[in-house]
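Since the structure is predicted, the reported quantities are computational estimates derived from the model, not experimental observations. By convention here, the first residue in the shown sequence is residue 1. Computed from heavy atoms alone, side chains included, the values below leave out hydrogens, waters and symmetry copies.
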Amino acid sequence: MRIGELASRAGVSIRSVRYYEEQGLLASTRSPSGQRHYTDEEVERVAFIQRLYAAGLSSRTIVELLPCVDAPSRENSDSALERMAQERDRLSTHIDDLLRTRDTLDALVATARAHREQLGTAVAG
């Protein structure tokens, strides 16, 4: 199938398919005229890549995980599980940082509201 059909069947843009190929996440064969051709298996691969992106993984990390899919083995599986655990820890740390940032912003909003209330009382008095 050509790139447009793959993109349509996988629910992504043609640009995304090209990007996946540039990043080494997806491979195609080329026709004599240079058009990309894909197999039916690439539809599921693109869907899998989309799930990995939705999980917050970068293309660099996804490349590290693909050997588990392309050449399943205990070693590849162990490596993938370890890498996903590292990414989960990274995301947890980021979430903690965001929560602290939100708490700081909440405190600033509360201070600003209290200040505004004092201004309203001073003007009315």
| note | Taking every heavy atom of Asn76 against every heavy atom of Ala71, the minimum-distance pair comes out as ND2-O, 2.6 Å
| task | Quick one: do Arg9 and Asp40 satisfy side chain to side chain contact (heavy atoms under 4.5 Å, CB included)? Show the steps, please. | result | CA-CA 10 Å; Arg9 287 178 56 188; Asp40 288 336; 3.1 Å; yes
| query | Name the one of Leu52, Ile49, Leu81 that satisfies side-chain contact (heavy atoms from CB on, under 4.5 Å) with Leu65? | reply | Leu52
| query | Do Ser92 side-chain atoms and Arg88 backbone N/O form a donor-acceptor pair below 3.5 Å? | reply | yes
| Short side-chain donor-acceptor distance under 3.5 Å, Thr39 and Glu42 | yes
| field | Same cluster (ILVMFWY, side-chain, under 4.5 Å), Val46 and Val63 | value | yes
| field | From Ile3 atom CD1 to His37 atom NE2, the distance as rounded to the nearest 0.5 Å | value | 11.0 Å
| query | Say you draw a straight line from CD of Glu87 to OG of Ser58; how long is it, rounded to the nearest 0.5 Å? | reply | 6.0 Å
| request: Drop me the distance from Thr61's OG1 to Gln86's CD, to the nearest 0.5 angstrom. | output: 9.0 Å
| Is it true that the side chains of Glu21 and Tyr38 contain a donor and an acceptor less than 3.5 Å apart? | yes
| request: Considering only NZ, NE, NH1 and NH2 on the basic side and carboxylate oxygens on the acidic side, decide whether Glu44 and Arg51 come within less than 4.0 Å. | output: yes
| Ile62 side, atom CD1; Leu26 side, atom CG - distance, nearest 0.5 Å | 11.5 Å
| field | Separation between SG of Cys68 and CZ of Arg74, rounded to the nearest 0.5 Å | value | 11.5 Å
| field | Exceeds 12 heavy-atom contacts within 6.0 angstrom, atom CZ of Arg30 | value | yes
| So does Arg2 pair up with Glu5, basic N to acidic O under 4.0 Å? | no
| note | Of all heavy-atom pairs linking Ser59 and Gln23, the shortest is OG-OE1, 3.3 Å
| Step-by-step salt bridge (charged side-chain N to carboxylate O under 4.0 Å, His left out) determination, Arg60 to Glu64 | CA-CA 7 Å; Arg60 183 177 298 158; Glu64 293 176 32; over 6 Å; no
| task | Would you please classify the geometry between the Tyr19 ring and the Tyr53 ring as parallel, tilted or perpendicular, with 30° and 60° separating the classes? | result | tilted
| message | Atom NE2 of residue position His94 - does it have more than 12 heavy atoms of other residues, nucleotides or ligands inside 6.0 Å? | response | no
| query | Does Glu117 pair with Arg113 as a salt bridge, N-O distance under 4.0 Å? | reply | no
| said: Checking Leu6 against Arg36 for the side chain to side chain contact (heavy atoms under 4.5 Å, CB included) test, could you report, in this order, the C-alpha distance in whole Å, the side-chain angles of both residues, the deciding distance, and whether it holds? | reply: CA-CA 10 Å; Leu6 172 61; Arg36 292 174 171 96; over 6 Å; no
| said: Taking the basic N atoms (NZ, or NE/NH1/NH2) and the acidic carboxylate oxygens, is any pair closer than 4.0 Å for Asp103 and Arg100? | reply: no
| query | Do any N or O atoms from the side chain of Arg45 and from the backbone of Leu25 form a donor-acceptor pair under 3.5 angstrom? | reply | yes
